Amino acid sequence: MIQIVIITIMSISYCHYLLRKIGTIMELTKNIHIINWINEIRELTSPDKVVWIDGSEEQLDELRNEGFATGEMIELNQEKLPGCTLHRSAVNDVARVEERTFICSRTQKDAGPTNNWMAPDKMYAKLKALYKGCMRGRTMYIIPYSMGVIGSPFAKYGIEITDSIYVVLSMAIMTRIGREVLDALGDSPGFIKGLHAKADLDPENRYITHFPEDNTIMSINSGYGGNVLLGKKCFALRIASVLGRREKWMAEHMLILGVETPQGETKYICAAFPSACGKTNLAMLVPPEIYRNKGYKVWCVGDDIAWLRVGKDGRLWAVNPEYGFFGVAPGTSEKSNPNALAATRKNTIFTNVVLNLDDNTVWWEDMDDNPPKNALNWKGEPWDPSAGEKGAHPNSRFTAPAKNCPCISPEFESPEGVPISAIVFGGRRAKTAPLVYQSRDWTHGVFVGSIMGSETTAAAAGKVGVVRRDPMAMLPFCGYNMGDYWQHWLDMGNYITNKPKIFNVNWFRTNDEGEFIWPGFGENMRVLEWILARCEDKVDAVECALGYLPKTEDICLDGTSVTQEDMAELLNVDKGLWRQELEEIKKFYSKIGDTVPAALAEELQKLESDLL
Ligand code: OXD
Ligand code: MN
């Protein structure tokens, strides 16, 4: 009897395996909304084969091997970097393409002046022509995924269709994937449709498009993570920001960290910085020795995206809807972020970094002082480190499971999330913004977020190092009108009875020689300490035109080479520079136009008179 059962089970599994191999569609769900949509896309794109991703290690292994065979993935040294692989994107496809990213809401006003817009019908027609037959000769993979812990009150589900093994393997790290998602979804139509096709990787026909009213995302002609891992920026920020407004919650471009005090109490902070301004480093901060000796610890809940809801207790609660880190590799080192480096030591996909041919491992600028001598650069060309050209692309990445991180928070999988004490905004500013200041109240805090400006980085295609306004670090990620989004922030303040305090930080202030004054990295703990002390009314502050500044002696400098004079410079608010800044802010506010909430326009006037 037992033998018969075993033989039957083995034959069924073998049949499943064979069917998968020959490409027969083994539907993993009877959800008619999913099936109908997949049939529609199959007809449009004409793939040779359709594969449902069930989330099993066995299936992911098969795909990895297929990727090795075609060269889409490169296997790395399995002793030094177990489970790790390298992928190279096309040389013209290495960053998010904001000018080709569209919010196709029904009206242009709903997308607002900060988003590219096209009428849905027009964009659908354009895309349909591009997708027509584009998967001929390829396999179409169907990835059921969850943003947030499956079955939790925060969770939202998506199905991504893609023709890229790299996308499947990356989504398996960045999100929770597979059968369980379909089980949780049941017969519901409540999922976000995401269609990605590499097509010809043609930059002229590259589109990253969002249809908020249809819960649909369509991405074509790119293979770069930020454009094609549709759970991340496209769903968890652009579409989710629209859902959040409708359902009274918030989707934000924020890290979430917990600071554990020597008394064993943990307080949580969310922080929004523009892309590549150190969110991953702050989220995984290692406190300076004197703090460690006292018993302080920092726990990482998330490094890029926070979904925030008001809890029954009237506080704001946050979850990280992601399951992995898609971090910028250059600059990540044992010194700058040992936790991130440790997170990349297994089951990680590296993209566009240097391949060390001597031991089949990876390298990037500032990882250490020993660039490999026998190596290929991010394009796969022989690379000589002494020739002056960078080996890794400045926006090269690691895609690592969050659970690899030594300081991952014990609350990472908490279905309710963590209660937030402070919200921190920040950016890269050489001169204007002080090291830290606190807003006066929620409305003023929303104003502080709305006027954020930062020097641009390599995370998006375009010029690097120019100041651009990036409200709440959401400029490229807000899926609707920016003025309405600010109003939503103000409205949320009415629902949160026990509000987090709102701060602004700037680790990037430079002296006259152009050198950073603040040491940054782990030393930022000193600023977090002041922030949390302010949240608990344990420390005084001085009022200025921007809000509340620390007294220079209230930021602990023990064990650093930062002097009181440096601190005075770091906290200095140059009214002349701020008056110039004000003109830029006014221009930006007039670009947003009549949706700017009156309360924020009043804050702007108040700032202007305080700067006189
Ligand atoms: C990111 C980004 O990849 O912000 O997180 O560009
Ligand atoms: Mn980001």
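Here the structure is a predicted model, which means the values were calculated and not measured. All values below come from the heavy atoms of this structure, side chains included, with hydrogens, waters and symmetry mates left out. We count ligands from 1, going down the list as the structure has it; atoms in each ligand are counted the same way.
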For this session: Compute both the distance and the angle, then confirm whether Lys233 meets the cation-pi test with Phe477: under 6.0 Å from the six-membered ring centre, within 45 degrees of the axis.
Result: yes
Exercise. For Leu532 and Ser421, which heavy atoms make the closest approach, and how far apart are they?
Worked result: CD2-CB, 4.3 Å
Exercise. Is there a side-chain contact between Cys405 and Met284, using heavy atoms and a 4.5 Å cut-off?
Worked result: yes
Problem set entry | Carboxylate-amine/guanidinium contact Lys156 Glu247, below 4.0 Å | yes
Problem set entry | Test log, rule salt bridge (Lys or Arg N to Asp or Glu O under 4.0 Å), inputs Glu413 and Arg176 | CA-CA 11 Å; Glu413 297 259 44; Arg176 294 145 173 105; 2.6 Å; yes
Exercise. Just wondering, do Asp368 and Glu334 contact through their side chains at under 4.5 Å, heavy atoms?
Worked result: no
For this session: For Trp117, check ring pair (Phe, Tyr, Trp, His ring centres under 6.0 Å) against everything at least two apart and list the hits.
Result: none
For this session: Measure distances from the Mn ion (ligand 2) and count the protein N, O or S atoms below 2.8 Å.
Result: 3
Seminar exercise, completed: When Gln108, Met118, His210 are each screened for side-chain contact (heavy atoms from CB on, under 4.5 Å) with Ile103, the one that passes is His210
Problem set entry | Phe503: partners by ring pair (Phe, Tyr, Trp, His ring centres under 6.0 Å), with sequence neighbours left out | none
Name each N or O atom in ligand 1 that is under 3.5 Å from a protein N or O, and give the partner atom and the distance.
from	atom 1	to	atom 2	distance (Å)
ligand 1	3 (O)	Arg397	NH1	2.8
ligand 1	3 (O)	Arg397	NH2	3.2
ligand 1	4 (O)	Lys233	NZ	3.0
ligand 1	4 (O)	His253	NE2	3.3
ligand 1	4 (O)	Ser275	OG	2.5
ligand 1	5 (O)	Lys233	NZ	2.9
ligand 1	5 (O)	Asp304	OD1	3.2
ligand 1	5 (O)	Asp304	OD2	3.2
ligand 1	6 (O)	Arg96	NE	3.0
ligand 1	6 (O)	Arg96	NH2	3.2
ligand 1	6 (O)	Ser275	OG	3.2

